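Everything quoted here is computed from the prediction, not taken from an experiment. One-based numbering along the sequence shown.
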Amino acid sequence: MNPTRQFKRAASKPSKSTQLSLSNNELETRTTRPSKPVTVRTKTKPKRTQKQTQPQPKLRIEPSPVSDPTFIQRTILSPEFFQIDALDLAPRLLGKFLRKDDVVLQITEVEAYRPNDSACHGRFGITERTAPMFGPGGHAYVYLCYGRNTMLNVVADKKGIGAAVLIRACAPVSGLETIQQRRGQQTDKPKLLDGPGKVGQALGISREWSNHPLFTPGGLELLDGPEPDKMLVSPRVGIDYASPEHVSALWRFAIAGTPWISAPRNTLRPS
């Protein structure tokens, strides 16, 4: 093929000489050779942009084995539900729902504390802090652990007994964004709620909620929920100061098969 004709088709204006055309054509070819990598970079730009604008996957909540999407239709538990021995109330609280604001949690792990129990706060009698524990069952007993962790307990039994059930762990049902904001953690893993202090923080409660009735609409409520098919038991956690008989008592209860359980897990056994 004639190089001059090839140049004339590619050029916008005809050249004055074949020699000049050839030189310009060679120059044009040399200058435009790097266009291949430029073209490749241009093709890859949308990929980089796509990565930047690609929406992040939504956080997935690993549900409890007894998760119940109809919790909104469930009724608030009556005061009579709570006015039984703490050791009987504790397993009955598994699967029930705690609701406050837009947050709904399903109770997955609890511990029972009874009268004449060397691990129970009530062993010292009625004090300013423990007074709610000696009220009628169905109220909240909230205290600070280590001065920073807000621990939620459900008062059990009749007035004057001094018993409660500690909520050790929960599974999120609703209000995940609020839970994450209060906890300061952008995660959907069980570590979000696998401890009593984390539950209190997720609910946004303080000691001012102590003695709050859990059976009245508004504020902090306890709703009915399904009973778990299987349950795990173990000794309670962090009560080494108690007497040996109470340290070894199997008064910790958890739903079997759920990851939403606090540590230690290796002590839990089927009931």
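When every heavy atom of G204 is checked against every heavy atom of W209, the shortest pair comes out as O-NE1, 4.2 Å. Pairing each heavy atom of S210 with each of V142, the nearest pair is OG-N, 3.0 Å. What you find for Q180 and T187 is that their closest heavy atoms are NE2-O, 3.0 Å. Considering every non-hydrogen atom in both A112 and A86, the closest pair reads CB-O, 3.6 Å. P132 and A140 make their closest contact through CB-O, 3.9 Å (heavy atoms, listed as atom of the first residue, atom of the second, distance). Taking each heavy atom of L152 and L98 in turn, the nearest pair found is CD2-CD1, 3.9 Å.
F97 and I261 fall into different hydrophobic clusters, where Ile, Leu, Val, Met, Phe, Trp and Tyr residues are linked whenever their side-chain heavy atoms come under 4.5 Å apart, directly or through other members. No continuous path of hydrophobic side-chain contacts links L214 to V155 [ILVMFWY only; heavy atoms under 4.5 Å]. Cluster membership check: I239 does not share its hydrophobic cluster with W251, using side-chain heavy-atom separations under 4.5 Å among Ile, Leu, Val, Met, Phe, Trp and Tyr. Under the 4.5 Å side-chain heavy-atom criterion for Ile, Leu, Val, Met, Phe, Trp and Tyr, L94 and V237 are members of distinct hydrophobic clusters. Under the 4.5 Å side-chain heavy-atom criterion for Ile, Leu, Val, Met, Phe, Trp and Tyr, L77 and V103 are members of the same hydrophobic cluster.
Side chain of T150 to main chain of L144: no donor-acceptor pair is present (N/O by atom type, distance under 3.5 Å, no hydrogens or angles). Remark: side-chain polar atoms of H212 are paired, donor with acceptor, to backbone N or O of L220 under 3.5 angstrom. Side-chain N or O atoms of R269 include one that pairs as donor or acceptor with a backbone N or O of N266 at under 3.5 Å. Side chain of T130 to backbone of M133: no donor-acceptor contact under 3.5 angstrom is found. In this structure a side-chain-to-backbone donor-acceptor pair under 3.5 Å is missing from E111 to V165. Not one N or O on the side chain of S234 forms a donor-acceptor pair closer than 3.5 Å with the backbone of L268. A donor-acceptor pair under 3.5 Å links the side-chain atoms of E109 to the main chain of S262, judged by distance alone. Put simply, the side chain of K100 gets close to the backbone of L203: a donor and an acceptor are under 3.5 Å apart. Looking at R236, its side chain never comes within 3.5 Å of a backbone N or O of V247 through a donor-acceptor pair. A distance-only check finds a donor-acceptor pair linking the side chain of H246 to the backbone of S118 [under 3.5 Å].
Ring centers of F215 and H139: under 6.0 Å apart, within the cut-off.
Distance check: L232 CG to R252 CZ gives 9.0 Å after rounding to the nearest 0.5 Å. Here the CZ atom belonging to R92 is positioned 7.5 Å from the CD atom belonging to E227, to the nearest 0.5 angstrom. A distance of 6.5 Å separates CG of L93 from CG of L222, quoted to the nearest 0.5 Å. One distance of note links NZ of K189 with CH2 of W260; it measures 9.0 Å at 0.5 Å rounding. For the atom pair D194 CG and R265 CZ, the distance stands at 6.0 Å (nearest 0.5 Å).
The pair R114-D88 fails the salt-bridge criterion, with no side-chain N (NZ, NE, NH1 or NH2) lying under 4.0 Å from an Asp/Glu carboxylate O.
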Verdict with reasoning, D117 to R123, per salt bridge (Lys or Arg N to Asp or Glu O under 4.0 Å): CA-CA 7 Å; D117 173 8; R123 68 189 184 276; over 6 Å; no
Verdict with reasoning, L89 to F81, per side chain to side chain contact (heavy atoms under 4.5 Å, CB included): CA-CA 8 Å; L89 177 62; F81 176 87; 3.7 Å; yes
Audit row: D224, T75, side chain to side chain donor-acceptor pair (under 3.5 Å) steps and yes/no: CA-CA 6 Å; D224 193 13; T75 57; 4.7 Å; no
Derivation of the side chain to side chain contact (heavy atoms under 4.5 Å, CB included) call for R168 and V110: CA-CA 5 Å; R168 279 202 61 85; V110 295; 5.9 Å; no
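Listed by chain and number, the residues in a side-chain contact (heavy atoms from CB on, under 4.5 Å) with R183 are I179, Q185, L192, K198, Q201, A202 (sequence neighbours excluded). For F124, there are no side-chain contact (heavy atoms from CB on, under 4.5 Å) partners two or more places apart in sequence or in a different chain. Taking the side-chain contact (heavy atoms from CB on, under 4.5 Å) definition, one finds that N153 meets it with Y141, Y143, M151, A164, L166, sequence neighbours left out.
Side-chain atoms of C170 and Q106, non-hydrogen and from C-beta on, never get closer than 4.5 Å to each other. Side-chain contact between P270 and K230 is absent, with no heavy atoms from C-beta onward closer than 4.5 Å. The shortest distance between side-chain heavy atoms of V154 and I167 falls below 4.5 Å. Considering only heavy atoms from C-beta on, F134 stays 4.5 Å or farther from I161 through its side chain. Considering only heavy atoms from C-beta on, L87 comes within 4.5 Å of F253 through its side chain.
With 3.5 Å as the limit, one finds no donor-acceptor pair spanning the side chains of S174 and R99.
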